[in-house]
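Each ligand, and each atom within it, is numbered from 1 in the order the structure gives. FYI, the numbering just counts along the sequence from 1. Computed from a predicted structure; not experimentally measured.
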Amino acid sequence: MLLGSVADDFTGATDLCSMLVRGGMRTVQLIGTPAPDDPVPDADAVVVAIKSRTAPVEWAVGQSLAALAWLRKAGARQYFFKYCSTFDSTDQGNIGPIADAMIRALDCGFSLHCPAFPTNGRTVYLGHLFAGGVLLNESGMEHHPLTPMTDANLVRVLSRQTDGTVGLVAFPVVEAGGSAIRDAMTRLKEEGRSHAIVDAVTDAHLIAIGEAAAHHALVCGGSGVAMGLPGNFRRAGLLPAAGDAGTLPDIAGAAAVLSGSCSRATLNQLGYARAQAPVHELNPLATPNATGLAEIALNWTDGKIGAKPVIIAASAPPDKVAAIQAALGGPEKAGALLEDAMARIAEGLIARGVRRMVVAGGETSGAVVTKLGVRQLRIGVEIDPGVPWTLASGNGADLLLALKSGNFGAPDFFPKAFQMLKD
Ligand code: ADP
């Protein structure tokens, strides 16, 4: 293992995995902190996904440190703490406390921080994070229900979360390239800074930052800043020339889509797929319990399951969602009931021979993966940016699984996903 990573949420971990596979690293995502004697996957990079972003600080730090200890025992040569490209956190954490704890555990004294991902419109300039061309605190993120981001100045934001001090590697230095960035970070560390926000506006900047961090024990940031890391391992002779790191074994079996996302992109994708595949929509108003909804959906699949996908959806447009939430006792209760139904349906579909499955929705994916006892995902090729096919294994049968976070993917995502697989 060359790179060992701890990620603060589930679909964010997959995003990092995809970036590493693109860079030619064979990558495995582990679901939750591994037990001390869990086997080490045969991979160049392992990303441990922990749902720590909005968890209580102590739990988040404890889990992250346990994952780090496991990755160290597995022999990783460098470590990465992956968080969201919009720096989702509060003044209590959890980015600062986790980074502080990892710096202490690795005894490395310093880490850079770069959430930039220019392809997705996230850039950092003079320490300020922009999302979609506007300052983070004007991007809509200031209204986030759990982690409202009301300050775009990341030096200030991180300073409020850490016991250490935060410096800045500013745009002119980053423009000057890898060795200028490395020298600036060394100076900041010598001055006693334990963190530095590093500006980045282009992919070239991210690659230069990666190069500058070749000998750093820890790198913190979004998946963008991982872009430059595979090149370091390759230059050191530790990683073969970029080949196809995303080859998965073929798994034959029936196909299905489970959609629990109500995001606009997913609703469009369902509209597109409707013309090509049979769709069953859950009706929680008529059947307000998870077992009943699952039974009806699974009965509907009789005689329909095969190589061509069936689609089962909870997804609905905003007015229908509001009516369902009102009838079922609020958003949380409605969401939990439908996630439970989807997880039961997934289990039933596997029992009926489905081995190729797309799940739409971050929370929905979490519920499905937990129910199926999936422990690890080996990352394959991307269907659309940030959404790869994966080989899921754990307590049950191995299967090909694609977990799509709600807003990801082009309109033809669902049919395209299955067309990519061998017949
Ligand atoms: P996304 O990635 O788009 O945010 P998630 O799966 O994370 O999707 O979240 C969607 C939430 O909405 C889930 O809790 C899901 O159970 C819930 N949900 C899905 N369909 C409906 C619906 N028709 N009415 C109310 N809630 C729904």
Proximal ligand 1 atoms for E363, defined as those under 4.0 Å from one of its heavy atoms: 5 (P), 6 (O), 7 (O)
Using heavy atoms and a 4.0 Å limit, tell me yes or no: is V321 in contact with ligand 1? yes
Start with the C-alpha gap between E339 and T364, add the side-chain angles, then the distance that decides, and say whether side-chain hydrogen bond (donor to acceptor under 3.5 Å, both in side chains) holds. CA-CA 5 Å; E339 285 169 35; T364 308; 5.4 Å; no
Let's go through Y79 and F81 carefully: what are the C-alpha distance in whole Å and the side-chain angles of both, what is the deciding distance for ring-ring contact (aromatic ring centres under 6.0 Å, His included) to 0.1 Å, and is it a yes or a no? CA-CA 7 Å; Y79 301 90; F81 171 34; over 10 Å; no
Any heavy atom of I324 under 4.0 Å from ligand 1? The part involved is side chain
List the closest protein heavy-atom neighbour of atom 8 (O) of ligand 1: residue, atom name, distance to the nearest 0.1 Å. G361 CA, 3.3 Å
In this structure, atom 23 (N) of ligand 1 is nearest to the protein heavy atom A314 O, 2.9 Å
For ligand 1, which atoms, with element, lie under 4.0 Å from some heavy atom of G335? 14 (O), 16 (O), 17 (C)
Closest protein heavy atom to atom 4 (O) of ligand 1, given as residue, atom name and distance to 0.1 Å: S263 OG, 4.3 Å
Just need the protein heavy atom nearest to atom 27 (C) of ligand 1, so name the residue and atom and give the distance. L338 CD1, 3.4 Å
When you compare the side chain of V219 with that of L112, does any pair of heavy atoms fall below 4.5 Å? yes
Of all the non-hydrogen atoms in the protein, which one sits nearest to atom 19 (C) of ligand 1, and at what distance? G260 O, 3.2 Å
Specify the protein heavy atom at minimum distance from atom 13 (C) of ligand 1: its residue, its atom name, and the distance to 0.1 Å. E339 OE2, 3.4 Å
D163 and R104: CA distance, side-chain angles, deciding distance, salt bridge (charged side-chain N to carboxylate O under 4.0 Å, His left out) verdict: CA-CA 11 Å; D163 332 322; R104 268 196 295 274; 3.3 Å; yes
Using a strict 4.0 Å cut-off to heavy atoms of A316, name the atoms of ligand 1 that fall inside it. 23 (N)
Please assess R156 against D151 for the test salt bridge (charged side-chain N to carboxylate O under 4.0 Å, His left out), listing each intermediate value before the final yes or no. CA-CA 8 Å; R156 264 190 324 239; D151 186 358; 2.8 Å; yes
Hey, are Q269 and K404 close enough side-chain-wise for a donor-acceptor pair under 3.5 Å? yes
Contacting atoms of ligand 1, where contact means under 4.0 angstrom from a heavy atom of G362: 1 (P), 2 (O), 5 (P), 6 (O), 7 (O), 8 (O)
Subset of ligand 1 atoms that lie under 4.0 Å from at least one heavy atom of G406: 1 (P), 2 (O), 3 (O)
Got E382 and W389 here, is their nearest side-chain heavy-atom distance under 4.5 Å? no
With heavy atoms of T364 as the reference, note each atom of ligand 1 found under 4.0 Å away. 6 (O)
Can a donor-acceptor pair be found between the side chains of D15 and S223 at a distance below 3.5 Å? yes
Say whether H128 and D199, considering side chains only, have a donor N or O and an acceptor N or O under 3.5 Å apart. no
